[in-house]
Protein chains: 4
Amino acid sequence: MGLKERREREKQARKHQILDAARHLLFKKGIQSTSINQIARKAELGVGTIYFYYQSKEEIFYALQEEGLDILFRQIEAIGRKSIGPDGKLRETGMAYLDFSRRHKDYFDIINYFLATPTVMLGDELKQRIDHKGSRILKLLDGFTRTGVADGTFRSVDPKKYAVMFWGALHGLTQFKKLENTVLEGENHAHIFEYAVDQLIDGLKPKKER
Amino acid sequence: MGLKERREREKQARKHQILDAARHLLFKKGIQSTSINQIARKAELGVGTIYFYYQSKEEIFYALQEEGLDILFRQIEAIGRKSIGPDGKLRETGMAYLDFSRRHKDYFDIINYFLATPTVMLGDELKQRIDHKGSRILKLLDGFTRTGVADGTFRSVDPKKYAVMFWGALHGLTQFKKLENTVLEGENHAHIFEYAVDQLIDGLKPKKER
Amino acid sequence: MGLKERREREKQARKHQILDAARHLLFKKGIQSTSINQIARKAELGVGTIYFYYQSKEEIFYALQEEGLDILFRQIEAIGRKSIGPDGKLRETGMAYLDFSRRHKDYFDIINYFLATPTVMLGDELKQRIDHKGSRILKLLDGFTRTGVADGTFRSVDPKKYAVMFWGALHGLTQFKKLENTVLEGENHAHIFEYAVDQLIDGLKPKKER
Amino acid sequence: MGLKERREREKQARKHQILDAARHLLFKKGIQSTSINQIARKAELGVGTIYFYYQSKEEIFYALQEEGLDILFRQIEAIGRKSIGPDGKLRETGMAYLDFSRRHKDYFDIINYFLATPTVMLGDELKQRIDHKGSRILKLLDGFTRTGVADGTFRSVDPKKYAVMFWGALHGLTQFKKLENTVLEGENHAHIFEYAVDQLIDGLKPKKER
DNA sequence: GATGAATGAGCCTTCATTCAT
DNA sequence: GATGAATGAAGGCTCATTCAT
């Protein structure tokens, strides 16, 4: 057991070592320009070793995507623990998403990459782990909405569907950052984003009470 | 005279011929796997000829993106001419977006590709033409919203900002199609999409008590 | 006659037009990076037209070499007309060579290019014209030396052989400019060059008289 | 231990194998017409393998240049060990240069290529290695001259500057071989070269009356 | 005389992946 | 477990030259 455990721990350490190198390079040179050979050199390992731990280059990037989703999850989770109303939580979640896309631009890009690419999904385990990470985040949004509906803050919507819409809207809007100087004609992207978040939540409020 | 004109027409025909080949391949193999050499072979032209008409690979894809944006524009424009209320127009626009992403999946992918890629835009003229196409579409959405606000169908929102939000939300949600079998846990993507569109428009309606 | 003459004149004008463009580009981008297409565009002519006046790209550069040799010739010729002794003329010729390699660096490079390249000489006429230009220059040097020998300024050397040596030495030394910061270890190239010219001439003086 | 050493030796062998192929081709087709693909084919290696050992095409040619400079160095070094006076050493060096340019024409061409090309040098290490080779040779010439000045064979000249002049003259004259049948008008190039060497050394001798 | 569209072989270089050691 | 040399297909792109109009 002890041996086996140690082995396992060492294996994890190596994987981390590789991921560290990959992350570094990816953040410096972009996803397209990062090659396995570079990762190997940076990680001070042989290329063969990389392939022992990861089946392919894509698998490494998947692992990185996991990291990104974890960071995003923890940030939204923290919001969930705050003592504010469901509307506040959604609002902060929205702003957190924009923040995430800025402060962790590279993680956002990687998530985006997999979302925009005609995926060739690899191993099942990997796939499921990513799905799980995604679901966890959706669950948080779902929870915020559900609570709001339950306590009357929001009108009666389908929490899960609304959560998806919310996330989708956030994601699409975030991407539009790129259009700031062109199609958006100088409108400040952050303002638009914030405005949108507010509209989205406002539209969730019951109509009568107001 | 006639000669010059004919020349010009032939030149345009060649450009189309190249675009046809590029579109074909792109739609079959994806943006990353389509190479200039393949395009040339498909178009039954020399590689040099391709470069005579297009400065780079990227320029070809931009041209294709233009095509996609044109199609999208025409579809939404048609909606604008219908004799329905602004809310109906927005709703149909939403559904048209989903429809576009399905029927013209590859055009959607190209648009998405440029939105998701940390692209370095090339020539200014090219850039501006694309921008113009995008702006035209946004203008349509802007117009729908503006009309609705004017005639009281909608509450008082900033039409342009709302248009951006609307488009962003549609775009993000469309991308989520990919999550249908995983994170969305079997929920029908189209249902979610439709639901979202309705929510978005519903949130735009005036609060009753007001 | 008149017609024929005009034709000829126009033809020469076209050739100049092409040469002007080629020179411009060559001086800006170097010999390797200047393409016929670029020359054509710059000259506002079709590529085919270029080929009507010049058989090949190389031929254009030959013509440019001619220009360079002409400039060099005129400079040395002017020295020949000065009222100074043969030693002074040789000295000034040496310095003029260095000056030429600096002020007309690109012409010097082109001469150098043909000297360093395993030539595939083209048409005979062209070849002979270049040869003539070269011989003219050598003749000047020859004359300076011959005069010096005749009037006792120099000791009795073979003027023609000495002229070749002189020119060869100048040329080789000029090329060494490139080594200024490396092999020459910071020694000022111009100083070395001047020193060499002086040595070369000094070695030509009669030994007895001194 | 043994393994590591053997690996290293094999690696060196591969580099030699590549250089052999490159040399062969270069000597047959000239520097401009030798491509990496051809080298790979000739060396019976994959293109990638070439790039595993050499960073670029230029690096290979630098390596070849090193070889040439080494040969030249050894030949002059051997002259230095002879029991002849400094004037004899310089004379033999001169003739050795001509000999080198004939027997190792291609090496001479490479050296010339780098001297005549407005090269942008690459890595510093590479650059320094070449510089070192060049300096070594200059040092030999410098030494010959210095000795001659010290023992009274030569008059008092700056040994280093004279060495540069000597080399420069030799180099320039060697290039003029090409003009043998044209500008030189049938004069035997070798004769001229020999004559020049003699003049150069003669001019170094002390003036009698002094 | 002038044009310029068309060519296509060839260029240098990259890189994910394999496999013998 | 780890290594790293070797691969070779494929990438985007250039360019001197030709020839039908």
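Quick note on labels: first sequence line is chain A, next is B, and so on, each numbered from 1.
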### Task
Go ahead and name the base partner of dA20(E); Watson-Crick or wobble counts if both distances stay under 3.5 Å, otherwise write none.
dT3(F)

### Task
Tell me what I36(A) touches on the nucleic acid: a base, only sugar-phosphate, or nothing, going by heavy atoms under 4.0 Å.
base

### Task
Validate the cation-pi geometry between K15(D) and Y54(D): distance from NZ or CZ to the six-membered ring centre under 6.0 Å, angle to the ring axis within 45°.
yes

### Rounded distance in Å - CD (E44(D)) to P (dG8(F))
12 Å

### Task
With the side chain of Y51(C) defined as its heavy atoms from C-beta on, choose the nearest nucleotide among dT17(E), dA2(E), dT18(F).
dT18(F)

## Note on the structure
Per atom distances to the R7(C) side chain, the nearest of dC11(E), dG1(E), dG4(E) is dG1(E)

### Task
Starting at atom NZ of K29(B), determine the distance to atom P of dA10(F), rounded to an integer number of angstrom.
9 Å

### Query
So, for F114(B) and Y62(B), is the gap between ring centers shorter than 6.0 Å?
yes

#### Entry: Among dT7(E), dG11(F), dC11(E), the one nearest Q38(D) by side-chain distance
dC11(E)

### Message
Applying a 4.0 Å non-hydrogen cut-off, can you work out what R41(D) is touching in the nucleic acid: base, sugar-phosphate, or nothing?
### Response
nothing

#### Entry: Within the 6.0 Å centroid threshold, strictly below: F27(A) and Y107(A)
yes

### Query
dG12(F), dA2(E), dT17(E): which one has an atom nearest the side-chain heavy atoms of N37(A)?
dT17(E)

### DNA chain F: 5'-proximal contact among S33(B) and G46(D) (nearest heavy atom)
G46(D)

### Query
Quick one: do E10(B) and R14(B) make a salt bridge, cutoff under 4.0 Å?
no

### Summary
When rounded to whole Å, the CD to C1' distance for the pair E8(D) and dT3(F) reads 15 Å

### Message
Side chain of F52(A), heavy atoms from C-beta onward: which of dT21(E), dG1(F), dT7(E) has the nearest atom to it?
### Response
dG1(F)

### Query
Looking at dG1(E), dT3(E), dT14(F), which one has an atom nearest to any side-chain atom of V47(B)?
dT14(F)

### Task
Assign each of R14(A) and K57(B) to its nearest nucleotide of DNA chain F by heavy atoms, then name whichever residue's nucleotide is nearer the 5' end.
R14(A)

## Note on the structure
The answer to which of T49(C) and Q32(D) contacts DNA chain E further toward the 5' end, by nearest nucleotide, is T49(C)

### Message
Rounded to whole Å, please give me the gap between CD in E10(B) and P in dT3(E).
### Response
19 Å

### Task
Select base, sugar-phosphate, or nothing to describe what Y53(C) touches, counting heavy atoms under 4.0 Å on all strands.
sugar-phosphate

### Query
Are any non-hydrogen side-chain atoms of Y51(B) and I36(B) less than 4.5 angstrom apart?
yes

### Query
Which nucleotide, dT7(F), dA16(E), dT21(F), lies nearest any side-chain atom of S35(A)?
dA16(E)

